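Down below is the structure, laid out as structure tokens.
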Amino acid sequence: MSAAGSSPPVLELAGVTKTYRVKQGLFSKPKPLQAVGGVDLRIRKKDVLGLVGESGCGKSTLAKILLGLEAPTSGRVMVDGIEAAGQDRTLLARRIQPIFQDPYSSLNPRKSIEDIIALPLVVHKVGDSAGRAQAVSKMLDLVGLPQRVRRGYPNQLSGGQRQRVAIARALVMKPEIVICDEPTSALDVSVQSQILNLLGDLREELSLTYLFISHNLAVVEHLATRVAVMYLGRIVEEAPAADLFAEPRHPYTKALLASVLTPDPSMSVPDTHLGASYPNPIAPPGGCHFHPRCAAVRDICKTVPPPHVSSAEGHVDCHLYAERTQAA
Amino acid sequence: MARDIDTLAEEIQGPSPAAILRRRVFGHYGLLFGATALLVIVALAVLAPLLAGHDPYAQSLVARMKPPFWMEGSDPNHLLGTDHLGRDYLARLLYGARISLAIGLIAALISGLIGTTMGVAAGYFGGRVDLVVTFLVNVRLAMPVVLVALAVVAVLGGSLQVVIVVLGFLLWDRFAVVMRSSTLQVRGLEYVNAAKAIGCSTRRIILSEIMPNILNNLIVVMTLEMAHAILLEAALSFLGLGVQPPTPSWGLMISEGKQMMLFEPWVIAIPGVALFILVLAINLLGDGLRDITAPENRS
Amino acid sequence: MSEEPILAVEGLTIDIPMAQGTLHAVRGIDFELNRGETLCIVGESGSGKSLTSLAVMGLLPKRLECAARKLAFRGTELQGLPASAMRQLRGNRMAMIFQEPMTSLNPAYTIGDQLAEALLLHRRVSKAEARARAVELLGKVGITAAGSRLSQYPHQLSGGLRQRVMIAMALMCEPELVIADEPTTALDVTIQAQILRLLVDLQREMNMAMILVTHDLGVVARVADKVAVMYAGEVVEQGTAKEIFGHPSHPYTQGLLRCIPVPGRTKPGEHLGSIPGIVPSLIGKVEGCAFRTRCDLAESACAKPVPIHRTQGGHAWRCIHSRTKKADTERMPA
């Protein structure tokens with residue numbers, strides 16, 4: 001949380017891009033779709049980086065790249081300063097583990113809970129069967145599940161219990177980094193808070209680092225130490241969570257924050273001023289990608305890509321702040 | 001719309017998969033009938049030497065064309081009578097069941113192995129592998145099974161082994177198609193991604209994450225193709241290009257009885273009914289298996 | 001209000017026959033809705049909130065058993081109404097907006113055809129008139145270049161646009177009652193705010209009554225006039241939005257409000273409140289307060305039929321405690 005450079009980043013992305021080729025018609029030539037366009041990110045140990053943005057902004061693609069499920073088109077992913085591309089996927093898997101959104105499809109219905117949690121140990125040949133059984137018991141305690149569920153199957157558990165199983169599976173190899181991709185959005189409100197509390201506790205106990213992907217900004221504010229806002233494949237603003245929520249800088253961040261519905265009956269539904277709908281990522285708008293929806297748009301935004309304005313604590317990609325720094 | 005109902009049902013701590021399966025099995029009459037009938041037929045075939053009481057190959061010129069027990073002039077020694085060479089019909093029927101079952105099972109296993117390998121590979125790897133498999137399936141579907149089988153048997157000569165191998169190498173198309181689409185469906189689920197992120201090898205992902213979840217479809221296709229193979233064997237044998245005499249095959253029994261058909265209809269009715277019951281039993285079993293292994297309702 | 005309520009529901013029950021017994025999914029709920037009012041039904045999965053809205057529309061699957069002392073739309077009892085009469089009401093005077101716009105729009109027909117359908121069905125209008133009305137409504141729901149959208153198919157539109165089309169479709173015949181079942185759950189936050197704002201504006205403009213079914217307390221607070229909190233098939237608390245959020249009186253409502261992080265009120269990183277346990281099985285006979293298994297104020301009296309407390313303002317809750325001690329401490333900072 002302190003200034004950059006105080007501790008080396010445990011996870012670092014440098015200029016990561018991912019381009020898909022999309023065929024639109026039967027005979028048309030495939031067109032490039034840049035899902036992730038030059039992302040630089042540094043996550044330090046025990047940080048919780050909240051990654052927010054609308055669907056289609058590339059946050060899930062970024063998560064897949066980090067998990068080794070997709071290869072970046074260009075750029076580097078470094079874990080503890082070592083480039084991930086050169087490493088075996090199994091080595092990466094020991095350090096980075098995912099928690100997925102839908103606890104109904106993320107657990108194999110034909111396997112017992114014990115087998116699901118022990119699978120990473122089996123794959124990485126850790127311990128003997130007695131040791132694994134012990135590790136499973138420990139994980140069940142850790143995530144707050146009764147021991148009797150170990151012989152059960154996913155269909156016997158509630159959504160919240162399944163998500164606890166998914167968390168146990170992710171943590172059994174003692175990874176350093178956990179990618180949480182919308183871990184609570186498929187859950188009921190009362191269960192969601194239990195899972196958020198659990199994730200917070202586990203981070204303290206195990207010194208975990210989270211990349212927390214969510215569209216629920218209230219949840220991100222609650223858990224994140226830093227926040228990165230993504231729009232059309234780029235990170236348009238990144239800052240410590242407290243700063244970003246207190247003083248959002250990018251117009252898109254402002255609009256996102258304005259659209260959070262706090263349970264306050266004295267207020268009505270806000271107007272986000274985001275007129276046009278999300279642009280087509282195959283043909284992104286020129287200049288600043290956000291300009292067609294921006295409330296503070298100027299002429300320069302339509303033609304010139306926004307500058308990267310760094311500050312001590314983060315950055316914002318926006319013409320508004322470039323002028324201010326130049327003037328100063 | 002059914003969403004709320006399903007989530008309601010699911011909040012209740014459910015029974016284990018085994019308990020659900022048990023409940024479904026005993027609530028499915030088609031499945032129970034099919035399974036029982038098939039079990040009886042298998043038991044009869046296995047125990048044929050004990051039950052038959054006669055050598056199915058032993059001819060007797062004095063005891064030719066004895067009628068079965070429900071007709072006048074029947075011989076208590078030959079419950080289902082004898083054929084035109086005086087061979088005991090019950091013994092030939094029981095030993096014939098062995099042939100039918102063996103052909104159905106082995107042909108379905110061979111074609112299942114070929115088709116599943118191709119289908120799972122196509123579904124999992126996609127891209128070029130998928131293109132090649134889809135092409136092969138199309139080529140195979142363009143070939144009329146009976147004609148190709150006839151041609152091959154005509155060239156190689158008919159025998160039990162040839163018929164099994166020919167059918168095994170012809171009936172894999174449905175396996176490939178069904179396994180491909182099942183794999184495609186399961187491949188997109190998050191537990192497969194989770195397994196990849198854990199660092200599982202492709203082999204482990206296919207064998208322990210994907211296969212158990214598409215096994216139900218495989219079993220269903222397996223029963224269908226088994227019935228298919230049994231009928232095809234009967235047809236080939238009837239045409240004289242399948243199992244060769246004097247081997248007791250049901251198709252052959254019908255074929256040999258066809259000259260007698262107008263005077264002694266039981267000669268073809270008995271193997272015909274046996275064939276009908278066997279195929280019906282297998283199909284009912286397959287249908288039932290499909291019903292009871294269908295995934296739980298949930299969105 | 002001397003005017004007859006748009007919708008009056010009394011003692012609505014919905015039973016689902018299942019292999020293990022009857023599941024009492026909705027167990028005797030009452031509410032009333034007047035012209036121009038918005039009622040939010042809030043609850044978690046399995047609370048019966050969606051079933052309730054389907055029951056009002058007469059869209060419950062046939063195998064479910066639905067009964068009520070009263071289920072009246074503008075004084076007309078809907079139970080036992082012939083199917084043809086129900087069809088006359090549906091899509092015409094009462095309309096529904098579903099959660100998933102992609103599955104509730106027919107992919108084989110153009111937007112224009114689907115918009116015009118309800119109008120052609122219920123009103124004596126020409127195709128040209130129906131088309132004109134469709135263009136007008138698409139404009140109203142904020143779709144630009146409405147004329148050219150008419151010939152497009154659902155898959156050509158984004159999720160937000162599809163939901164706008166769904167809303168336009170529901171409003172074609174100027175219904176008196178609109179039921180929206182989680183209309184924004186599948187959408188991004190920014191789009192959610194836009195769609196909700198649109199719904200609220202249109203509702204005021206057309207003076208419709210609206211039932212909004214949701215699990216999102218933020219949406220409820222911002223949109224509702226009246227709130228009904230459902231738990232395990234019962235309305236456990238009912239009142240105005242101000243009362244529900246200002247003086248939540250049922251332990252479940254209080255628990256729910258403690259569960260959600262609220263920027264500015266909950267401290268980042270601190271533990272959120274939670275409701276331990278799971279929803280009880282509703283199969284077989286259900287007696288007493290269904291929430292008692294998860295309630296830290298539960299007493300032996302909770303297993304018996306629970307009284308309903310009412311204040312003069314119409315705030316009602318179903319609990320043995322007249323007003324729990326926690327209610328006062330949980331008051332929102334003004």
Side-chain angles (χ1 to χ4, degrees), chain A residues 60 63-64 66-70 88-112 115-116 118-125 148-149 151-162 165-166 169-170 172-173 175 178-179 181 186 188 191, chain B residues 3-4 6-24 124 126-127 131 182-219 293-299:
Chain A
S60 292
K64 280 187 177 158
L66 291 176
L67 290 169
L69 300 178
E70 298 261 10
D88 190 0
R89 195 173 73 182
T90 54
L91 281 174
L92 206 61
R94 283 172 173 246
R95 296 199 151 136
I96 308 183
Q97 274 297 306
I99 298 168
F100 291 108
Q101 172 179 6
D102 182 2
Y104 292 93
S105 74
S106 69
L107 305 180
N108 187 340
R110 305 275 171 186
K111 283 192 168 168
S112 71
D115 287 346
I116 288 171
L119 180 67
L121 300 175
V122 175
V123 170
H124 294 282
K125 303 192 175 69
R148 64 182 158 79
V149 305
R151 307 237 178 277
Y153 286 82
N155 77 316
Q156 295 173 282
L157 305 185
S158 70
Q161 288 172 324
R162 289 180 203 216
V165 172
R169 171 180 62 189
V172 74
M173 288 293 296
V178 181
I179 313 279
D181 190 354
D188 270 325
V191 180
Chain B
R3 200 185 152 90
D4 219 16
D6 295 339
T7 41
L8 255 179
E10 167 247 296
E11 285 301 328
I12 302 145
Q13 291 284 294
S16 71
I20 293 171
L21 202 64
R22 222 173 302 135
R23 199 180 66 220
R24 286 180 170 189
Y124 187 76
L131 283 179
S182 312
T183 307
L184 268 179
Q185 215 171 18
V186 173
R187 185 187 72 168
L189 293 177
E190 274 180 346
Y191 59 81
V192 175
N193 272 337
K196 281 185 197 165
I198 284 167
C200 290
S201 60
T202 306
R203 198 183 117 92
R204 182 186 282 277
I205 289 173
I206 289 177
L207 289 183
S208 93
E209 302 292 325
I210 291 181
M211 282 308 285
N213 287 292
I214 59 174
L215 204 60
N216 53 342
N217 292 340
L218 179 63
I219 292 171
T293 55
E296 291 280 291
N297 293 339
R298 75 140 230 100
S299 55

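Source: prediction; values computed, not measured. Chain letters run A, B, ... following the sequence lines, proteins first, then strands; residues in each count from 1. FYI, side chains are in, hydrogens and waters are out, and symmetry mates aren't considered; it's all heavy atoms of this structure.
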Tell me, do A:Val122 and B:Arg204 make a side-chain contact under 4.5 Å, heavy atoms counted? yes
Measure A:Arg151 against the heavy atoms of chain B and call it side chain, backbone, both or neither at under 4.5 Å. neither
How close do A:Pro98 and B:Ala197 get, counting heavy atoms only, and between which atoms? CG-CB, 3.6 Å
Inter-residue atom distance B:Ile198.CD1 - A:Ile116.CD1, 0.5 Å rounding: 9.5 Å
Are side-chain heavy atoms of A:Lys111 and B:Ser208 found at a separation under 4.5 Å? yes
Output the option from A:Leu119, A:Leu67, A:Ile99 having the highest count of non-hydrogen pairs under 4.5 Å with chain B. A:Leu119
Considering non-hydrogen atoms only, spot the tightest contact between A:Asn108 and B:Glu209 and give its length. ND2-OE1, 3.1 Å
Just give me the residue among B:Leu189, B:Val192, B:Asn213 that pairs up with chain A most often, heavy atom to heavy atom, under 4.5 Å. B:Asn213
Taking every heavy atom of A:Ser106 against every heavy atom of B:Ala194, the minimum-distance pair comes out as O-CB, 4.4 Å
How close do B:Tyr191 and A:Pro109 get, counting heavy atoms only, and between which atoms? CE2-CD, 3.5 Å
Interatomic spacing from NZ in A:Lys64 to NZ in B:Lys196 - rounded to 0.5 Å: 8.5 Å
Given heavy-atom pairs under 4.5 angstrom as the criterion, report whether the side chain, backbone, both or neither of A:Leu107 touches chain B. backbone
